[in-house]
Amino acid sequence: MTAARDWTLVTGASSGIGADLARAFAARGHALVLTARRADRLDALAETLRPQVPVAVMPADLADPAAPGHLLAAIAERGIALHTLVNNAGFGLRGRFVAQPSAEIAEMVMVNVAAPTALARLVLPDLVARGRGGILNVASVVGYLPGPNMAAYYATKAYLLSLSEALYEEARPHGVTVTALCPGATATEFSRRADRHGAKRFKDTPMSAEAVARAGLAGYLRGDAVVVPGAANGLAVLAARLAPRWLSRKAASRLQD
């Protein structure tokens with residue numbers, strides 16, 4: 001492998017938005033590094049994309065604190081210089097905070113918060129030095145809200161949104177873009193992992209992962225700080241910004257019933 005092409009690292013690429021973001025970057029000619037826990041799914045996706053671009057499959061479990069460092073070291077050993085980091089890996093937990101297993105909360109914080117922070121810190125200095133490329137962080141519209149009955153998950157997405165916007169301002173003078181993609185309800189495996197089949201916000205027709213990925217890539221290429229795909233999601237974010245916090249809390253709680 002060489003660093004001749006623009007390479008994009010996509011975490012959580014085995015399904016959903018991550019897989020569709022990988023397809024979208026490949027369509028633009030980006031070579032890909034795909035990572036997730038499920039190697040078989042990564043291999044299957046890679047086989048469909050290799051006719052278009054070079055693809056490296058590097059399975060990793062980002063719940064392991066050492067995983068970001070090991071992953072970036074393995075990428076460097078192959079002579080790959082990353083142009084874009086896509087922090088997509090993440091999962092949610094539904095239910096009352098006091099009833100959720102502590103170990104699962106800790107794992108979620110590692111994957112949703114610690115891993116993307118560590119990867120960004122490892123990748124960003126090289127991007128700034130070269131004056132090109134960037135980071136696309138998959139956050140969520142729920143990052144604008146407190147989330148009773150999904151308290152820790154909403155908090156992780158609020159963190160990622162805040163981090164992204166701050167890094168956008170830090171990186172922009174150096175020709176580097178940091179974008180937060182904030183989708184709403186999306187047709188992926190996320191709801192099964194989060195045990196959200198009955199949640200009200202998933203009873204309406206969600207956006208497709210492909211549509212979310214297209215919007216996210218388009219916004220990243222424009223140099224946007226935040227991308228909220230879908231008019232309904234945009235209105236939800238506006239309402240969250242304008243509403244009193246007590247009302248936002250009540251509304252979010254009802255959405256998770």
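Residue numbers run from 1 in the order of the sequence given.
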Nearest non-hydrogen partners of P206 and A185, listed with the distance: CB-O, 3.3 Å

For the student: nearest non-hydrogen atoms of R5 and P54, plus distance: NE-CD, 3.4 Å

Set of salt bridge (charged side-chain N to carboxylate O under 4.0 Å, His left out) partners for R130, sequence neighbours left out: none

Validation row: C182, S140 side chains within 4.5 angstrom (heavy atoms): no

Salt-bridge criterion met for R132 and D6 (N-O under 4.0 Å): yes

Rounded distance (nearest 0.5 Å) linking atom CZ of R37 with atom OG1 of T35: 11.0 Å

Residue pairs passing the salt bridge (charged side-chain N to carboxylate O under 4.0 Å, His left out) test where at least one lies in residues 63-75, sequence neighbours excluded: none

V176 side chain reached by L124 side chain, heavy atoms, under 4.5 Å: yes

V212 vs D20 side-chain heavy atoms within contact, under 4.5 Å: no

Atom pair CD1 (I17) and CG (L181), whose distance is rounded to the nearest 0.5 Å: 6.5 Å

L85 with M58, same ILVMFWY side-chain cluster at under 4.5 Å: yes

Side-chain touch L217/F25, heavy atoms, less than 4.5 angstrom: yes

Pairing of D224 and R222 as salt bridge, 4.0 angstrom limit: yes

Derivation of the side-chain contact (heavy atoms from CB on, under 4.5 Å) call for R28 and L221: CA-CA 11 Å; R28 291 192 58 85; L221 294 174; 3.3 Å; yes

Contact check, side chains of V111 and F91, non-hydrogen atoms, under 4.5 Å: yes

Sequence neighbours excluded - side-chain hydrogen bond (donor to acceptor under 3.5 Å, both in side chains) pairs with any residue from residues 115-126: T117-Y159

Rounded distance [0.5 Å steps], OH in Y220 versus CG in L21: 11.5 Å

Distance in Å, N149 CG paired with L93 CG, rounded so as to fall on 0.5 Å steps: 12.5 Å

Interatomic spacing from CG in D61 to CE in M110 - rounded to 0.5 Å: 9.5 Å

Heavy-atom check, side chain of I135 versus side chain of T84, under 4.5 Å: no

L119 side, atom CG; L62 side, atom CG - distance, nearest 0.5 Å: 6.0 Å

Joint cluster assignment, Y154 & F97, ILVMFWY side-chain distance < 4.5 Å: yes

